[in-house]
**Q** 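First the structure, then my questions, so here it is.
The analysis underlying the following values was restricted to heavy atoms, covering all of them including side chains, and did not include hydrogens, waters or symmetry mates.
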Amino acid sequence: MAPSAAPVTPTSASPSPPGAAGGMERHGPVGSEPIRVEEIVRRDLETRTLAVVDALYDLAARAADGQPSSVLGVGESVNHVVRRLADIDAMRGHIHARIPKDVLDLVDAGRNPDSHTRSLMNRLASENQYSLGQHEAIQAFRDKLGQALAEQFPALQPSLTGPEARHSPP
């Protein structure tokens, strides 16, 4: 594991750049936008997660091979997976993201968390359409009521059709 004063690399123990203990940004190439520490941590976590996936794929390939020569390779692959998982575990103090419990439950159940996002967005869209329909119905009722009141009580017409009546809350 690299000491915290070393530059950030995909396999370093600490994703924090040198001297960034109190800072929130790290500057990239000249003329580029500053990179937030959270973005560096996210990229590092993504790289380490992909390394675990690659190690697991390698392990599965070696285990499925079934050749006597691959038996020694399986043990090495298991150790490689364990090291990659330890790399991710070393980051736990640097990750401060909040993940909804529903998403974690879906992952634990072996389901894609994108389905949660999709269903949430569909539900919100339908609730939004329902609210819009209610709002338009109330506006239509208000307009008809104002028109009927203006016909029956002509003295109230200026206050019912004036700009202040149009913009008042329902």
**Q** Find the distance between OG (Ser119) and CG (Leu106) and round it off to the nearest 0.5 Å.
**A**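 Here the rounded value is 8.0 Å.
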
**Q** Provide the closest heavy-atom pair for Val41 versus His94 in the form atom of the first, atom of the second, distance.
**A**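 For Val41 versus His94, the nearest heavy atoms are CG1-O, 3.6 Å.
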
**Q** Taking all non-hydrogen atoms of both residues into account, name the closest pair between Pro113 and Val103 and its distance.
**A**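 Shortest heavy-atom contact: CB-CG1, 3.6 Å.
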
**Q** If you round to the nearest 0.5 Å, how far is OG of Ser115 from CG of Leu120?
**A**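 If we round to the nearest 0.5 Å, Leu120:CG and Ser115:OG are 11.0 Å apart.
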
**Q** Step by step, work out the side chain to side chain contact (heavy atoms under 4.5 Å, CB included) result for Asp143 and Gln147.
**A** CA-CA 6 Å; Asp143 292 344; Gln147 185 181 16; over 6 Å; no

**Q** Are Leu145 and Leu156 grouped together when hydrophobic residues (ILVMFWY) are joined by side-chain heavy atoms under 4.5 angstrom apart?
**A**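 Yes.
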
**Q** Check this for me: does any side-chain nitrogen of one of Asp105 and Lys101 sit under 4.0 Å from a carboxylate oxygen of the other?
**A**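 Here Asp105 pairs with Lys101 in a salt bridge, since their nearest N and O are under 4.0 Å apart.
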
**Q** For Ala51, check side chain to side chain contact (heavy atoms under 4.5 Å, CB included) against everything at least two apart and list the hits.
**A**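 For Ala51 the side chain to side chain contact (heavy atoms under 4.5 Å, CB included) partners, ignoring immediate neighbours, are Arg84.
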
**Q** Could you state the interatomic distance from CZ (Arg83) to CD (Glu76), rounded to the nearest 0.5 Å?
**A**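 If we round to the nearest 0.5 Å, Arg83:CZ and Glu76:CD are 9.0 Å apart.
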
**Q** Could you check whether Arg118 pairs with Asp114 (Lys NZ or Arg NE/NH1/NH2 to Asp/Glu carboxylate O, under 4.0 Å)?
**A**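 Salt bridge between Arg118 and Asp114, a charged N being under 4.0 Å from a carboxylate O: no.
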
**Q** Nearest 0.5 angstrom please: Leu56 CG to Leu85 CG, how far?
**A**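 One gets 6.5 Å once the value is rounded to the nearest 0.5 Å.
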
**Q** Please tell me whether His135 and Gln139 have a donor and an acceptor in their side chains that are separated by less than 3.5 angstrom.
**A**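 A pair is found: one side chain offers a donor N or O, the other an acceptor, under 3.5 Å apart.
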
**Q** Do NZ/NE/NH1/NH2 and the carboxylate oxygens of Glu38 and Arg42 come within less than 4.0 Å?
**A**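 No.
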
**Q** Given the rule that I, L, V, M, F, W and Y join up when any side-chain heavy atoms are under 4.5 Å apart, are Val78 and Val52 in one cluster?
**A**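 Yes, because Val78 and Val52 connect within a single hydrophobic cluster, where side-chain heavy atoms sit under 4.5 Å apart.
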
**Q** Are Phe141 and Leu149 connected in the hydrophobic side-chain network, where two residues link if heavy atoms are under 4.5 Å apart?
**A**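 Yes, same cluster.
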
**Q** Nearest 0.5 Å, please: how far is CG in Leu59 from NE2 in His80?
**A**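 The CG atom of Leu59 is 10.0 Å from NE2 of His80, to the nearest 0.5 Å.
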
**Q** Evaluate whether atom CD of Glu127 has more than 12 neighbouring non-hydrogen atoms of other residues, nucleotides or ligands under 6.0 angstrom away.
**A**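 Counting neighbours around CD of Glu127, more than 12 heavy atoms of other residues, nucleotides or ligands fall under 6.0 Å, so yes.
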
**Q** Roughly how far, to the nearest 0.5 Å, is the CD1 atom of Ile40 from the CG atom of Leu45?
**A**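 Result: 13.5 Å between the selected atoms.
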
